[in-house]
Amino acid sequence: MAEPHDPVRNPPPPASPGAMEAILATPQTLPADPREAAAELIRREEGGLRRVIARYVHDASTVDDVFQEVSLKVLRRIDSVRDPLAIRGWLFQTARNASLDWLRRQDRRPDRSDALPDTRAAVGDDARSPCEQFLSRERITAVRRALDELPESQREAILLRIEQGLDHAAIAQRLGISRGAVEVRLCRGRAALKDRLEAILGGDL
Amino acid sequence: MSLSRSPDQPHPPTALTCEEVEGLLPLVADDAVDPDGDPALFAHLAHCTRCQDSLSRHDLVSLALVRRPETVPEKQPLRFPVRLLAAAGIAIVLGAAWLVVSRQAAENRAEPIASQPATKNPPAGMPAPAAIVAVPVVDPPRVYRVRGGDPARPLYLIVDDQGSTVVDPHGGDGRTAAGRGDAVPVRY
């Protein structure tokens, strides 16, 4: 029986750079049928897509599941890509969004293994779910600490955006500032959060 | 070429540099840009593992802020054990009442009759109180058989609070014993 495919350790060999660039830059070289073109894209980009997914979910079987979701989305929405030069970026974004959606779904599940911290600690980190590997308690605590160190204006904008889900215009109205000012605060706040998270956790990221 | 690019591979000619992309990653994490709006940015992200890694940390921040911090224990409202407190209160009240009652009863018992003023004339129509006579507690006398002597006519030593007396049950006068060393206790 063949061993399960590990996309992180044994990625498929990449296509030659020149050929793929040419294929993606000239969509006429893809099959004329959109579904066949999408299937060809998925086949050629499988390794890269799996590596993107594996940044968020470290479990090989979960990577398989998310990759299937990505494949379905690509097959269904390939027609929405108007600029051929944007196909690869669109593929990347589709894989990233699918991974984040999977993490959010798992995080909302009521039967998370958080209820059994002692059992999990007894068997070590390997018992953590793929969601907990990416979104561990240590990381959440570090982010909260980093948030507390932000200037009030940036923290306020980030909490309104992320916790309450307000869009930029709503935040601008709430805070009585311009939309551009909101985006500046969000950009600086997010950058500072990421930098402080890396400073707090160091090599654990 | 796959989506991910190793760091030593060159960027596509129209691509942005990693430094330029780094400044735009907060916008990507905030979903403020999309591949159609900025294809060069996402083309870079599709290639560059370093920027993918950086973007995943921005995404981690977003997910962590949405997640409730479980490391902070929720404040539990104070819950008093009402039944236990009520039982304890009842027990305290009953105990205090018992103490008061028993103390009053003890005071009534211990109140000396002699302390009442004897010279005080009783109310008209009531008899005068009797004189109180102390009655000493008398230990029961102990009887010893005197050693030696005629076994047919044993002598006995009787010890009581009045003193010691040698008694001859078969007649004769009583004599005061010199000591108890010559007597052994009689079990009866």
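All values below were derived from every heavy atom in this structure, side-chain atoms included, with hydrogens, water molecules and symmetry-related copies excluded. By convention in this document, chain letters (A, B, ...) are assigned in the order of the sequence lines, proteins followed by strands, and residues within each chain are numbered from 1.
In this structure, B:L60 CG and A:R139 CZ are separated by 5.5 Å, a value rounded to the nearest 0.5 Å.
Annotation for A:Q173: atom CD does not count as buried by contact number, only 12 or fewer foreign heavy atoms lying within 6.0 Å.
For the 3.5 Å distance criterion, the side chains of A:R190 and B:S62 qualify, holding a donor opposite an acceptor.
Considering only heavy atoms from C-beta on, A:L193 comes within 4.5 Å of B:L65 through its side chain. Counting heavy atoms from C-beta outward, B:L45 and A:R96 have side chains that stay 4.5 Å or more apart. Using a 4.5 Å heavy-atom cutoff, the side chains of B:H47 and A:R88 are in contact. The shortest side-chain heavy-atom distance between A:R55 and B:L55 does not fall under the 4.5 Å cut-off. Side-chain atoms of B:L27 and A:C187, non-hydrogen and from C-beta on, do get closer than 4.5 Å to each other.
Options A:V143, A:L159, A:I158 differ in how many heavy-atom pairs under 4.5 Å they form with chain B, and the most are formed by A:V143. Interface remark: of the candidates A:H168, A:E183, A:R188, A:H168 forms the most heavy-atom pairs closer than 4.5 Å to chain B. Contact count versus chain A (heavy atoms, under 4.5 Å) is highest, among B:G23, B:A29, B:A32, B:P39, for B:A29.
Using a 4.5 Å cut-off between heavy atoms, B:D53 contacts chain A through both its backbone and its side chain. For chain B, no part of A:S99 is nearby; none of its heavy atoms comes within less than 4.5 Å. With a 4.5 Å cut-off on non-hydrogen atoms, B:L24 does not touch chain A at all. Both the backbone and the side chain of A:I162 have a heavy atom closer than 4.5 Å to some heavy atom of chain B.
Taking all atoms of both residues into account, the shortest heavy-atom contact from B:S56 to A:Y56 is CA-OH, 3.6 Å. Shortest non-hydrogen contact noted between A:K194 and B:S54 is NZ-OG, 2.7 Å. Closest heavy-atom contact between B:D31 and A:Q93: OD1-NE2, 4.4 Å. Heavy-atom minimum distance, A:A86 versus B:P35: CB-O, 3.8 Å.
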